[in-house]
Amino acid sequence: MEFSAKQIAEYLQGEIVGDANACVNTFAKIEEGVPGALSFLSNPKYIPYLYKTKSSVVLVNRDFIPEQPVQATLIKVDNAYESLAKLLTLYESMKPKHTGIDPLAFVSPSAKIGENVYLGPFAYVGENAVIGDGVQIYPHAFVGDSAEIGKNCILYSNVNIYHGCKVGNNCVLHSGCVIGADGFGFAPTPQGYEKIPQIGIVILEDNVEIGANTCVDRATMGATVIHAGVKVDNLIQIAHNVEIGSHTVMAAHTGIAGSTKIGEWCMFGGQTGIAGHLKVADHTQTGAKTGITKSIRQPGTAHMGTYSVEVKKYLKINAAQRMLPDFVEQLKALQKKVDELEKKLN
């Protein structure tokens, strides 16, 4: 597939600076540009690469003004990064999709399979499962009994959807993720830990994306719910009866303990840990390795630190910690003077 700068600018409602007939057929990072590639510039740190990139077309923000000659054709848009995302989405949608049920796939006779569905070799669809139109299920993926998959979802290899769980439309589940394994429920007894049956389900609403090897546990009763538009990175643990609000995103190694309720549009940095039975307000943000041990009631706050505190307070604490060696030396000197004064007074 090949597109001209003019076609791209019309699609993005952008302004061309340079050759409107310049054509591209691939994407490249601006520092790795090659002829025929489209790149983008949004981070000012990468501006020097613009003047030497070999890419044919570069997306830039509308207010960007070059300070040196640029060989590439520029397309000025309101937001270069968002515009790139639109083009990548368009490019992805134009790729040919697999269709058909491979002879090596297993489909229960009681399952309902929609139109234009792909089932790869050794994919499994259980009894009374429902697979929507346009779903792609790659080799070795598992859809359990009575599970429901909405339209136009992608289940990559080795995805496991346990019995009864529900996945909405346009969801993407990456390799190795597990939806609906038992929650971590055990009752201590004198003989050890007795398993508490987990009889609930998991519900993923529309446009959810779950990263590779991430686990979303089924509820003890009721449902663990991931609301529409949530994006979850790789290697994340979401425990039983958790609820995550719409459009929240979280980076790798985040862990959320049972029955915690997360608001909408939250952003969690990598290795954020959230204790159980808490409430986290809408638009909460955390830095990497933040530990949340109590509910966050006020929307729109940012937090950092192993024990979560607001950012301004954390930065003051961190600055004080860096000065601790000096404080210790000063304290020792003061203690020495106090001892000398006490001797004189005695």
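- For the 3.5 Å distance criterion, the side chains of S110 and E127 fail to qualify, holding no donor opposite an acceptor.
- Remark: of the listed residues L204, D217, L155, L204 is the sole one forming a side-chain contact (heavy atoms from CB on, under 4.5 Å) with I179.
- Checked by atom type, the side-chain pair H253/Q237 shows no donor-acceptor distance below 3.5 Å.
- Considering all non-hydrogen atoms of both residues, H283 and C266 come closest at N-SG, 3.8 Å.
- Side-chain contact between L38 and L87 is present, with heavy atoms from C-beta onward closer than 4.5 Å.
- In the model, E243 has a side-chain atom that pairs as donor or acceptor with a side-chain atom of H227 under 3.5 Å.
- Donor-acceptor pairing under 3.5 Å is lacking for the side chains of H303 and E310.
- When ring centroids are compared, F3 and Y11 stay outside the 6.0 Å threshold.
- Looking at heavy atoms from C-beta onward, E209 lies out of side-chain contact with C171 at the 4.5 angstrom threshold.
- Annotation: salt bridge (Lys or Arg N to Asp or Glu O under 4.0 Å) contacts of K195 (sequence neighbours excluded): D182.
- Transitive grouping of hydrophobic side chains (ILVMFWY, heavy atoms separated by less than 4.5 Å) keeps V77 and V17 in distinct clusters.
- The same ILVMFWY cluster, assembled from side-chain heavy atoms under 4.5 Å apart, contains both L84 and V57.
- Under the 6.0 Å cut-off for aromatic ring centres, Y91 and F27 qualify, their centroids lying closer than that.
- In this structure, E115 places its CD atom where only 12 or fewer heavy-atom neighbours from other residues, nucleotides or ligands lie under 6.0 Å away.
- At a threshold of 4.0 Å, the pair E340-K337 does not count as salt-bridged, since none of the basic side-chain nitrogens sits closer than that to a carboxylate oxygen.
- No single ILVMFWY cluster, assembled from side-chain heavy atoms under 4.5 Å apart, contains both V107 and Y138.
- Contact record, T224 with V216: CG2-CG1, 3.9 Å, taken as the closest heavy-atom pair.
- Side-chain atoms of S108 never come within 3.5 Å of backbone atoms of N128 as a donor-acceptor pair (strictly under, hydrogens ignored).
- In summary, the side chains of E342 and N346 do not present any donor paired with an acceptor at a separation below 3.5 Å, with no hydrogens or angles considered.
- Heavy atoms of other residues, nucleotides or ligands lying less than 6.0 angstrom from OH of Y49 number 12 at most.
- K151 and N169 make their closest contact through N-OD1, 2.7 Å (heavy atoms, listed as atom of the first residue, atom of the second, distance).
- Relative ring orientation between Y81 and F40 is described as tilted, the plane-to-plane angle lying within the 30° to 60° band.
- Residues A239 and G258 come closest through the heavy atom pair CB-N, 3.5 Å.
- Taking all atoms of both residues into account, the shortest heavy-atom contact from T189 to E194 is CG2-OE1, 3.9 Å.
- No chain of hydrophobic side-chain contacts below 4.5 Å, direct or via other Ile, Leu, Val, Met, Phe, Trp or Tyr residues, connects I161 to Y156.
- If you look at F184 and F186, their ring centroids are closer than 6.0 Å.
- F106 and Y124 have parallel rings, their planes meeting at less than 30° on a 0 to 90° scale where 60° marks the start of perpendicular.
- With no hydrogens or angles considered, no side-chain donor-acceptor pair links S175 and S157 at under 3.5 Å.
- Among I236, I274, T290, the one residue that satisfies the side-chain contact (heavy atoms from CB on, under 4.5 Å) test with F268 is I274.
- The closest side-chain heavy-atom distance from I226 to E205 is not below 4.5 Å.
- Looking at heavy atoms from C-beta onward, E264 lies out of side-chain contact with H247 at the 4.5 angstrom threshold.
- Side-chain contact between V225 and V202 is absent, with no heavy-atom pair separated by less than 4.5 Å.
- Using a 4.5 Å heavy-atom cutoff, the side chains of E2 and V24 are not in contact.
- When the side chains of ILVMFWY residues are joined at heavy-atom separations under 4.5 Å, either directly or via intervening members, V60 and Y46 end up in a single hydrophobic cluster.
- Using a 4.5 Å heavy-atom threshold, the side chains of V249 and W265 count as separate.
- Put simply, the side chain of T73 does not reach to within 4.5 Å of the side chain of V58, judged on heavy atoms.
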